[in-house]
Amino acid sequence: MQRSERPSPYDPKAVEGRLYEQWESSGYFHEEPDPARPPFIICMPPPNVTGRAHLGHGSTYTPMDVLVRYHRMLGDNADWIPGTDHAAIATEARIVAELKAQGTTRDALGRRRFLERAWEWSRTYGGEINEAFRALGFGPDWQRLRFTMDDGLSAAVRKVFVKLYRDGLIYRGKRLVNWDPVAKTTISDAEVEHEERDAVLYYVRYPICANAQTGPREFNRHSAHAARPPRAKPAGSPDPLTTSHIIVATTRPETMLGDVAVAVHPEDERYTSLIGKSVLAPPLLERSIPIIADASVDPSFGTGAVKVTPAHDAADYEIGERHGLGMPSIMGLDARISAADVDVGSYEGLSREDARRCVVDALRDQGLLVKEEPYRHAIAISERTGAVIEPLLLEQWFVKTTPLAKAALDAYRDGRIRFVPERYGRTYEQWLTQIRDWNISRQVWWGHQLPVWYTEAGEIVVAESEEEALAQAQRLYATGDLTRDPDTLDTWFSSALWPFSILGWPEQTQELACWYPSQVLVTGYEIIFLWVARMVMLGLYVMGKEPFGAVFVTPLVFDAQGRKMSKSLGNAIDPMELVEKYGADAFRMGMMRQLRLEAQDVRFQESRCEEGRNFNNKIWNASRYALSLPEALPAALTLPKANALTLADRWILTRLHDTIIEVTQLFDGYDFGNAAERLWHFIWYEFCDWYVEATKLETSKPTRAAVLSFVLNNTMRLLHPIEPFISEEVWRLLPHDGETIMTATWPDPLEVPVDRDAADSFAWVTRQVVWLRNERAHGAKGKLLYKSAVTDEQRELIAHFSRYEGRERDNAFHLELFGPNVSSATFTIPVSGGRIEFVGNRDELVPRQKKEIARLRSEVERSEQKLRNERFLAHAKDDVVEIERAKLKENRETLRALEAVLSELESQA
RNA sequence: GGGCGGUUAGCUCAGUGGGAGAGCGCUUCCUUGACACGGAAGAGGUCAGUGGUUCAAUCCCACUACCGCCCA
């Protein structure tokens, strides 16, 4: 290849698309199950079909790609299985919005045509994110791409549903559920978010009534009032007889219409005498409800007395259950007041918000509103739509979670599943410990319709197919007249089956035999509950084995100021733009360098991608240099004989050896941030800055081509998981074995010779060079004269790197300085292993010397003090004391020499 | 209310029971046989605060303050 074909700077656009197409068309991403090799399988968390690539994919999916590429190079039976989630609620919302724009509605269209449309939409837009993944260099096994709504997965969903139902783990029941009035569906507890908002706490007077059944005798003195027919008082005229009441604090006055009790804490002395009495429920004052005692009431909240509305509040629901109270619902699915269960007077049809205003007005008019105070509290929000959740009492389908959760907890507690970082295991544990039954029925149409039918008499038939359902109905209920339940399943139900359904279950495939369970699940912590815990529960239940051995939890991505990235804030970064600007490799490297093992978030800095681009250019140019050497590169990957290697060769090979070991360990420990940093440091600051520079020396010529190509070849293989494109490009340009770096073997440290003495010797050279460069930066000029302790090779290196011309004289190591602007002072400066004779500008030197002397003095003092301390000598480890002594000795010597130089300088003044 | 994480250089972050680190940014110098998307040198920090353990604490423990996340 000609030089003109490898221009600088490196152009990722000329490389990435071309290589990706080659990889894909050559089938390098595809793998067949092979029981002879260790499996390494990652199930891709299926992105929503509505989704677009965002930075979160960078932080979560890049590690997956890195791991699979790494394990493929290790020779494992590695495969990354991709897929897409049908995202029931999100997709349905998208289609509904489209229909609205066209002036129609879901119901007008009808279920069949709506679903056709959703399918069409999914097929049209569902692939978009996969194109982004390709641009990012992600290499899943595209031939195995699955969709949660495809036939195989749908069959798996039905089968698991039926199995759970027959085992008594799925049931239908009327329970308080989370209703999303915007999406018009229930959602599970895990999809509810809590948000702190300013609200008003209303203190409302509930008049006590005393009648024969509920009013104790002590209250007979109020019988005149209590006997009065319960009627709302006309506005502005509070009844002077209402002298007895209980004051209740609430943030939701509109739900008073459905109150069934007032509750106080059983040990709250303020109210013990009232327990068992009745009050009239405002604002209608037409129903009398009891005052009850329940330990869940917090005496310090408000007045210590709370209203109980079981059909519209989770805590109240539990109180209602405990006390066998009625549960009238006062709101319909449109979150408007409804008179279905109980009289709601003129409030019928009002929205939640309007009803609140009207009730508060009425209370005020009735004189029942005691006070209003500002109050900040958390309200339930639908994660998907942002709507305020309305708890409603509805007939829904549930998964009975207790037995499933127990098995999932055992798997964690027995160590069959471990979390990285470990602390997320406790999050998982906590959630499973207090898990409630999982509401799985949704009122959207896009999704897996429940495999449930009802007879005319209302009997339930659950079966995997309509034929089977009919047969069952015929057999059990002697009817063929069935209606299918219109509800669909929670999207997360199908996702929970992902690790085995994508492998072909319920068919007993080779994939299933080899690749279940997988080794590691990689995901963000926000879906530990939604997804991870449920995969474990259902994996254990269906397969009898946990679906993965490890869960690697990646951090969430925030902007550089630590704010959540969102469209509304305008701070969201499109990864495709970064790929466009810097290349996929640079983006991946930039992202990986920011991942920290224990971090829960990343403040993403775009500058890291720019640095990545610069880094790639550095690699590119180093390889251009290797390719441009006048001597030819060796045909194969070979090293010169050990005794021919130069000091620099031995050093870089030793460093390579250590780097291979370290990067391997870091990848094995999922520490991508440090792995990336280690590679970065090795390539840029060791290989390029020192080794490539050293190869420009005469003595390096016989070995440099082979060593350069050997080190680059190994380094590109180390780099490949993180930067797949440039590593492949460079690897192919240099001597290599095989067609692609993707299936090249992972570097073996045993193949890299190690020479610790040479490495130390070279390291000493670098320290002298830094020192001399410092002198040069301060204007010192002259020539180096070497002392005998320094080898020829070291002298040559020092002269080359420091750019001081070297010369031998009297076997002494000197730096002799000349120059028109240099005063005639001559003095020696010690360096470890020798001394440097030095001529410099006195006026510049004196303050610098003084500063250094002061620093050394304090160092020496500190050491002396330490070594005088008998307790230190007695307690500290021997090597620590030894290091301290050596440090003191060296610092004392340097100090003496510098002081001598200083006095010499001052005497010449 | 319960739980968890964080606080180290201007910024983003590493790190370790015994000499404070990186990248970027900044200052100065340099186009030297790949690279200015580069090279060299340098400045810059009472490691949030208080107390404890220890011969020794930025690191371990306790408390406080502030920031953030999760759960209810």
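Source: prediction; values computed, not measured. Computed from heavy atoms alone, side chains included, the values below leave out hydrogens, waters and symmetry copies. We name chains A, B, ... by the order of the sequence lines, and we start the count at 1 in each one.
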Engineer: If you pin A:Glu698 and A:Arg426 to their nearest nucleotides in RNA chain B, which one's is more 5'?
Structural biologist: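 Nearer the 5' end of the strand: A:Arg426.
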
Engineer: What's the closest nucleotide to the side chain of A:Arg862 if the choices are B:rG33, B:rG19, B:rG18?
Structural biologist: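 The nucleotide sitting nearest to the side chain is B:rG19.
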
Engineer: Taking the side chain of A:Pro9 as its heavy atoms from C-beta onward, which of B:rG33, B:rA34, B:rC37 lies nearest to it?
Structural biologist: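 Of the candidates, B:rC37 comes closest.
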
Engineer: Please report the distance, rounded to the nearest Å, between CZ in A:Arg596 and P in B:rU7.
Structural biologist: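 Rounded to the whole Å, the gap is 13 Å.
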
Engineer: Salt bridge or not for A:Arg613 and A:Glu610, using N-O below 4.0 Å?
Structural biologist: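 Yes, A:Arg613 and A:Glu610 are salt-bridged.
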
Engineer: For the pair made of OH in A:Tyr317 and P in B:rA72, what is the distance, rounded to whole Å?
Structural biologist: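 Value for this atom pair: 18 Å.
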
Engineer: Once you round it to whole Å, what is the distance between P of B:rG23 and NZ of A:Lys618?
Structural biologist: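 For the pair A:Lys618 NZ and B:rG23 P, the rounded distance is 13 Å.
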
Engineer: Take atom CG of A:Asn614 and atom P of B:rA22, then tell me their distance rounded to the nearest Å.
Structural biologist: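 For the pair A:Asn614 CG and B:rA22 P, the rounded distance is 19 Å.
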
Engineer: Quick test of your reading of the model: are A:Glu686 and A:Arg678 salt-bridged, counting only N-O distances below 4.0 Å?
Structural biologist: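 Looking at A:Arg678 together with A:Glu686, the answer is yes, because their closest N to O distance falls below 4.0 Å.
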
Engineer: Within this structure, what is the CG-to-C1' distance between A:Asp189 and B:rA72, rounded to whole angstrom?
Structural biologist: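 Nearest whole value for this atom pair: 11 Å.
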
Engineer: Hey, which of A:Leu521, A:Thr523, A:Leu597 is the one that makes side-chain contact (heavy atoms from CB on, under 4.5 Å) with A:Phe552?
Structural biologist: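 For A:Phe552, the side-chain contact (heavy atoms from CB on, under 4.5 Å) test succeeds with only one of A:Leu521, A:Thr523, A:Leu597, which is A:Leu597.
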
Engineer: From C-beta outward on A:Arg593, which listed nucleotide comes closest to its side chain: B:rA72, B:rA40, B:rG23?
Structural biologist: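 My answer, after comparing the listed nucleotides, is B:rG23.
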
Engineer: Would you check if there is a donor-acceptor pair between the side chains of A:Glu318 and A:Ser296 at a distance under 3.5 Å?
Structural biologist: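 The answer is no; no qualifying pair exists.
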
Engineer: Suppose you measure atom P in B:rC47 against the same atom in B:rU7; what distance do you get, rounded to whole Å?
Structural biologist: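 Nearest-Å result for B:rC47 against B:rU7 at atom P: 14 Å.
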
Engineer: Would you measure the distance from the C1' atom in B:rA22 across to the matching atom in B:rG44 and give it in whole Å?
Structural biologist: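 Their C1' atoms lie roughly 15 Å apart.
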
Engineer: How is A:Glu693 classified with respect to the nucleic acid when contacts are heavy atoms under 4.0 Å: base, sugar-phosphate, or nothing?
Structural biologist: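 Result for A:Glu693 = base.
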
Engineer: Looking across every strand, which nucleic acid part, if any, lies under 4.0 Å from A:Phe529 by heavy atom: base, sugar-phosphate, or nothing?
Structural biologist: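 The answer is sugar-phosphate, as A:Phe529 gets under 4.0 Å only of primed atoms, P, OP1 or OP2.
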
Engineer: Quick one: label A:Gln600 by what it contacts on the DNA or RNA (base, sugar-phosphate, nothing), any heavy atom closer than 4.0 Å.
Structural biologist: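 Since a base atom lies under 4.0 Å of A:Gln600, the category is base.
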
